[in-house]
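What follows is a set of notes on a single structure, which appears directly below.
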2 protein chains.
Amino acid sequence: MINIAIVDDHEMFREGLVLVLSQVDEINVVGNFNSGDSFLKALEELDIDIVLMDIKMEGLNGIETTQRAKSVKPDLKVIAVTMFVEDSYYMQMINAGAHGFVLKKAGKYELVQAIHEVNNGGNYFSQEILQKMAFKAISGKDEKENQLSTREVEVLQLICKGLSTKEISEALFISQKTVEVHRSNILRKSDQKNIAQLVIWAIKNNYTTI
Amino acid sequence: MINIAIVDDHEMFREGLVLVLSQVDEINVVGNFNSGDSFLKALEELDIDIVLMDIKMEGLNGIETTQRAKSVKPDLKVIAVTMFVEDSYYMQMINAGAHGFVLKKAGKYELVQAIHEVNNGGNYFSQEILQKMAFKAISGKDEKENQLSTREVEVLQLICKGLSTKEISEALFISQKTVEVHRSNILRKSDQKNIAQLVIWAIKNNYTTI
DNA sequence: ACTTTACTAAGGGAAAACCCTTAGTCTAAT
DNA sequence: ATTAGACTAAGGGTTTTCCCTTAGTAAAGT
């Protein structure tokens, strides 16, 4: 029996997932949680082999939750379950210690396959993710060089909230010129050419939620 | 027994929904479809009381699917199931003939309540939607005045794809000045003040997909 | 026939975004 | 100690967006 926990703040999706997995032999759903926090609280008391973790959640997101969970239980295995197939996602999740990555649009069979793979000590990444990784490897872009700094993420989130450069400078108590520098660097690093593209990119990359 | 069909292109969500509803007494899931097209094809052969219809789908969206389904079977009842609580959604769905509106983040009980309500000839709108409607009614904004024209929707979608005014003008074979007029009118009608906010608004209002 | 609406287009001006450079301070790593 | 990176800020420039006005044409409704 493989003991599974599910962490997702989408109630209907989570309930559905519980039922889908409960039907599968050798899989035992031992808990489901609507937030990273509630999962972490219950973590020590439960016997969990694999966690299906949503990345985008209110409050503690999947990446942070994974990091904290792994620091408590290093043997815990995590499969990220997410909506989009974008850049920084999987790298951050792999860094946080995830062993698999499945899209929400995937079906039951792919998910079960991922669970078995990961349970046997392997990894599972959906085809779409592998393609992204391959493309990135071929294009030879260095991840680290293009990672946003803390401040840049902060500015990006304010941009996505619709604040102008002036408003951002007031919110962060820095000059407009500094905000301009951040904006430019964000656009360069994200490889987007204007705010419209940047907002979409930010959503897909989990920097902001709709 | 209430015969339910589910139309949603998100496989895992759909499968989950089938299982959740199959557990409920008096509810019988007679079919589930991953597109508006496949649903419409099967419509005549099935005995369906209520359809749970996702709004945002690849190909035929929920609104169009509802319109076509109702033209074939006027007595069919439709409950819209969607991600966001935004303006034009529910108005379009109500116009298309929907009797209910439930958010995807809602739980099983709310969904079942909606199904019973609609099955008994009533309507069901989730609290969040009702609040939006009430707010709109109080603020007294006329829907029609602020509805985007065909051309404006076209421009909006290109904006969301990250095209500049110049690029849009070239794509639509019109002058930059005309595009500027459309941009201004879109911002005014949507009541958003810049492109960042507009993109988010467009996503929530189903004008574009991520 | 008249009105309304959508779409088109232009002028003109203010504001914001974008892009480049230089440069100082501070922190963290080798 | 020296290097590297993040954050700050300014100068100076181009481009784009934003907002206003006016205005002609075509289609649709009353």
Side-chain angles (χ1 to χ4, degrees), chain A residues 88 91-92 95 141-203 205 207-208, chain B residues 88 91-92 95 141-203 205 207-208:
Chain A
S88 54
M91 294 312 297
Q92 285 182 49
N95 284 336
K141 279 188 187 163
D142 190 356
E143 294 296 333
K144 226 187 160 187
E145 258 171 31
N146 289 327
Q147 250 175 32
L148 298 188
S149 70
T150 314
R151 199 55 151 176
E152 282 161 357
V153 171
E154 218 169 339
V155 171
L156 175 56
Q157 285 166 344
L158 294 176
I159 290 173
C160 292
K161 277 173 72 181
L163 273 68
S164 68
T165 295
K166 195 186 166 197
E167 288 167 339
I168 294 170
S169 76
E170 285 160 0
L172 300 179
F173 304 106
I174 55 180
S175 89
Q176 291 191 39
K177 273 295 180 182
T178 306
V179 178
E180 280 183 45
V181 172
H182 288 315
R183 285 185 90 117
S184 282
N185 291 336
I186 293 166
L187 283 174
R188 182 179 44 76
K189 287 183 179 180
S190 67
D191 200 26
Q192 307 299 311
K193 61 171 238 239
N194 58 37
I195 292 299
Q197 291 182 351
L198 183 64
V199 169
I200 304 273
W201 181 87
I203 294 166
N205 283 279
Y207 288 110
T208 191
Chain B
S88 54
M91 294 312 298
Q92 283 183 49
N95 284 337
K141 280 188 187 164
D142 190 357
E143 295 295 334
K144 226 186 162 189
E145 259 171 31
N146 289 327
Q147 251 174 29
L148 298 189
S149 71
T150 315
R151 200 53 152 178
E152 282 161 357
V153 170
E154 220 170 338
V155 171
L156 175 55
Q157 285 166 345
L158 294 176
I159 290 173
C160 291
K161 278 174 72 180
L163 273 68
S164 67
T165 295
K166 194 184 166 196
E167 289 167 338
I168 294 170
S169 76
E170 285 160 0
L172 299 179
F173 304 106
I174 54 179
S175 89
Q176 290 190 39
K177 272 296 179 182
T178 305
V179 178
E180 278 183 49
V181 173
H182 288 315
R183 284 186 89 119
S184 282
N185 290 336
I186 293 166
L187 283 174
R188 181 179 44 77
K189 287 183 180 181
S190 67
D191 201 27
Q192 307 299 309
K193 61 172 238 236
N194 59 36
I195 292 300
Q197 291 182 351
L198 183 64
V199 170
I200 305 273
W201 181 86
I203 295 167
N205 284 278
Y207 288 110
T208 191

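Convention: sequence-line order gives letters A, B, ...; per-chain numbering from 1.
- For A:Leu148 and D:dG5, the CG to P distance is 16 Å, given to the nearest whole Å.
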Letter by letter from the 5' end, nucleotides 12-24 of chain C scores (B base, S sugar-phosphate only, - none; protein heavy atoms under 4.0 Å) B----SBB-----
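- In this structure, the nucleotide among C:dC7, C:dA9, D:dC7 sitting nearest to the side chain of B:Ile174 is C:dA9.
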Assess the residue pair A:Glu154 and A:Leu158 against the criterion (side chain to side chain contact (heavy atoms under 4.5 Å, CB included)); give the C-alpha distance rounded to whole Å, side-chain angles, the decisive distance to 0.1 Å, and a yes or no. CA-CA 7 Å; A:Glu154 218 169 339; A:Leu158 294 176; 5.5 Å; no
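- Counting to the nearest Å, the P atom of C:dT5 and the CZ atom of B:Arg188 are 12 Å from each other.
- The interatomic distance linking B:Leu172 (CG) with C:dA6 (C1') rounds to 15 Å, in whole Å.
- For the OP1/OP2 pair of C:dA9 and a distance below 4.0 Å, the side-chain nitrogens and oxygens of B:Thr178 include at least one atom meeting the criterion.
- Here B:His182 reaches the OP1 or OP2 of C:dT8: one of its side-chain N or O atoms lies under 4.0 Å away.
- The pair A:Lys161-A:Glu167 does not count as a salt bridge, with every side-chain nitrogen at least 4.0 angstrom from each carboxylate oxygen.
- Annotation: side chain of B:Ile174 is in contact with side chain of B:Arg151 (closest heavy-atom distance under 4.5 Å).
- In terms of heavy atoms, A:Val155 sits closest to A:Ile168 at O-CD1, 4.2 Å.
- The separation between B:Glu152 atom CD and C:dT8 atom C1' is 13 Å, rounded to whole Å.
- Between B:Ile203 and A:Ile203 there is a side-chain heavy-atom pair separated by less than 4.5 Å.
- Closest contact between the side chain of A:Ser175 and the listed nucleotides C:dT8, D:dA9, C:dA10 involves D:dA9.
- Taking 4.5 Å as the limit, every side-chain heavy atom of A:Asn194 sits out of range of all side-chain heavy atoms of B:Ile195.
- Atom CZ of B:Arg183 and atom CD1 of B:Ile159 lie 4.5 Å apart (nearest 0.5 Å).
- One atom, CD of A:Gln147, and another, C1' of D:dA6, lie 14 Å apart when rounded to the nearest Å.
- Nucleotide D:dC7 holds its C1' atom 13 Å from the CD1 atom of A:Ile186, rounded to whole Å.
- Regarding B:Gln197, its CD atom lies at a distance of 17 Å from the P atom of D:dT17, rounded to whole Å.
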